[in-house]
Amino acid sequence: MKKNLLGQIEALLFVTGDDGLSFSQLQFLTEAGAEQVEQALAELKSRYDGEAFGVTLKELAGVYQLVTKPEMAETIQKLVENPTPQSLSQASLEVLAIVAYKQPITRVELEDLRGVKSEKALATLAAKGLIQECGRAEGTGRAILYGTTDEFLNYFGLKNLEELPPLPEEMAQEPEEDTDLFMTKFQEAFKEEVNA
Amino acid sequence: MKKNLLGQIEALLFVTGDDGLSFSQLQFLTEAGAEQVEQALAELKSRYDGEAFGVTLKELAGVYQLVTKPEMAETIQKLVENPTPQSLSQASLEVLAIVAYKQPITRVELEDLRGVKSEKALATLAAKGLIQECGRAEGTGRAILYGTTDEFLNYFGLKNLEELPPLPEEMAQEPEEDTDLFMTKFQEAFKEEVNA
Amino acid sequence: MSYEVKVDAFEGPLDLLLHLIHRLEIDIYDIPVSQITTQYMEHIRAMQVLELNEASEYLVMAATLLAIKSKTLLPVHEGEIDEVDYEFDEEDPRDELVSRLIEYKKYKEAASELKKLENDRAVLYSKAPADLSELQQPDTMDYDANAYDMLGAFQKMLRRKQLRAPLSTRVARQEVSIKEQMGSMVERLKSFKGRANFSELFPSDDQAVLVVSFLSLLELMKRQVIAVEQQKNFTELSVELRKETWQDEEEPFGPN
């Protein structure tokens, strides 16, 4: 490996702070091969695991960033004006969950799912940079389509959308399935009867 | 020494970045004794001497801060010369955002908000035609007021300024509001005093 | 039977229904419509008193429940043998509601997963990108940005400001005594040729300094070193210096 690749990566991530750098940017800036960068990132990460280290490496929204370790939170919160971290309301979280899993989605589809008007929650989330307009639906209305942003990934500590926890499975098979199967069989039988 | 004092100090110096922290602030925040902090700083410093480390500890005018090592300069310069969309645009975007939402605004107000000198960014944005001088502030200094241009609207595909995404509620309330409220109370109290 | 209804506890009629289903330990696939309708009605009656914004949405659901209830109450049609076909065609009137509830429940659970992620992320702190403008050539704004990027930049700045604020406050919060402030107030007035607007005497944004300044102004008024006047209602107060000096020996807060 290049002599001080670890140091280079650390310096770059330090300088870029919460902007972070993507893998390919790191590769370009350090002029190292992909494997080397990968190895260096892994080494950095395991180095940061040591107790005497206050920061760690995290991949958020597709970029690598240095962040402080969770166990440092208490100390750092003494620096913060309002130590209780801002958190989203239940309504916002619900809307965000639906947008995240169903994107792109229109307001009307979202409201149908929730059963309540959601204009305000959408506006709040857009203002927080967590969702954005990402196009228009086909059709006459050309309704606005909403999707999540990189800030959404960052806010929830996700690398990418694939990292979203899987949606809870439907609890059981729908009872209709039996009926449908039955109906199918019935109609088949019926057809046979008729054709016979 | 306290178990993870090194980590705590590292985390604190990391989040405060260019601002750094004084010895007494470090002591206050880590709740450690002066000797312990001193020892931890020395240990940190010698740890950073290792080749695989990209940052080091610097003391300047009684303020400790983490900085990248001099030998990283070349790599950092490469970052500067190869703007990544998120990192190098950040400063300009930030300035632009503040001007857009807070216009008309003076350079001093803007710098107060950002906490860094912003002359260069303002010049760049003005050269791009995205912001312009739009008058002078009242008062002795008669500082230049900045606002956005039509080209700004064009650039971001906006019809008018009302089309800017709204700011989150809690952000829209300025901390200055307290002061305003305070000032109002002041003046009320004053009137009473005067009329008494 | 009385209910303690927390209005904010529900995110809408579906949420309320899920709550009832859970509390009554009902099988979501076999909802006793009559029972749940009664419970639902009692709840929204209690909530309506509080003039919910979403009252209309709760009422729409009430109507739906009543419609389903009336359908299920219809006597089972014992048709002739030829009609057996149609009987199979007839859907359970509850089906649509059930599938809506199940769909909604999925996202409600997903929302609580997000809540956990939010908490985990909230304890990780980052730092601002270092200011590289010194090293930078002036013209680097060649990229595609949209209004949301700009908003994002603004958010980051505010987040950072939150971290910085207490530090700067600590630095600014030097002990300023009223006596000192009285002196500098007089000096300041002199620099304004003995007359200044009220706000011009408060150059600092720091609340602690403002309070001390205000108290010292009051003290100066009491000692008739300065006079304060207002030309008209709502115009700014103006402060006039009456004496060039003020007695130092008097205790600022002593009884007169």
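In what follows, chains carry the letters A, B, and so on, assigned in the order in which the sequence lines appear, proteins first and then strands, with residues in each chain numbered from 1. FYI, side chains are in, hydrogens and waters are out, and symmetry mates aren't considered; it's all heavy atoms of this structure.
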Okay, side chain of [X], backbone of [Y]: is any donor-acceptor separation there less than 3.5 Å?
X        : Y        : value
C/Arg100 : A/Asp112 : yes
C/Lys115 : A/Leu93  : no
A/Glu94  : C/Glu11  : no

> Given C/Leu114 and A/Leu88, is the side-chain contact (heavy atoms from CB on, under 4.5 Å) satisfied, shown in steps?
Replying inline: CA-CA 10 Å; C/Leu114 286 184; A/Leu88 295 171; over 6 Å; no
>> Tell me the closest heavy-atom pair linking A/Leu66 and C/Ser126, and the distance in Å.
In response: O-OG, 3.6 Å
> Where is the tightest heavy-atom contact between C/Lys106 and A/Pro168, given as atom of each residue plus distance?
Replying inline: CD-O, 3.3 Å
>> Let's go through C/Tyr125 and A/Met72 carefully: what are the C-alpha distance in whole Å and the side-chain angles of both, what is the deciding distance for side-chain contact (heavy atoms from CB on, under 4.5 Å) to 0.1 Å, and is it a yes or a no?
In response: CA-CA 9 Å; C/Tyr125 292 89; A/Met72 298 301 157; over 6 Å; no
> At what distance, to the nearest 0.5 angstrom, does NZ of C/Lys108 lie from CG of A/Leu113?
Replying inline: 13.5 Å
>> Quick check for you: to the nearest 0.5 Å, what is the distance between A/Leu110 atom CG and C/Tyr107 atom OH?
In response: 10.5 Å
>> Using side-chain contact (heavy atoms from CB on, under 4.5 Å), reason through C/Lys127 and A/Asp18 one step at a time and then give a plain yes or no.
In response: CA-CA 6 Å; C/Lys127 80 181 260 295; A/Asp18 55 15; over 6 Å; no
> Salt bridge check: are C/Glu103 and A/Arg114 linked by an N-O gap of less than 4.0 Å?
Replying inline: no
> For A/Pro70, is it the side chain, the backbone, both or neither that has a heavy atom under 4.5 Å from a heavy atom of chain C?
Replying inline: both
>> For residues 65-75 of chain A, which residue pairs pass the side chain to side chain donor-acceptor pair (under 3.5 Å) check, not counting sequence neighbours?
In response: A/Thr75-B/Gln8
> Which pairs pass ring pair (Phe, Tyr, Trp, His ring centres under 6.0 Å) with one or both residues in residues 128-152 of chain A, sequence neighbours excluded?
Replying inline: A/Phe152-A/Phe156
> Do A/Leu60 and C/Arg121 come close enough that some side-chain heavy atom pair is under 4.5 Å?
Replying inline: yes
>> What verdict does the side-chain contact (heavy atoms from CB on, under 4.5 Å) test give for C/Leu117 and A/Tyr155, after you've listed the backbone C-alpha separation in whole Å, the side-chain angles of each residue and the deciding distance to 0.1 Å?
In response: CA-CA 9 Å; C/Leu117 292 175; A/Tyr155 186 84; over 6 Å; no
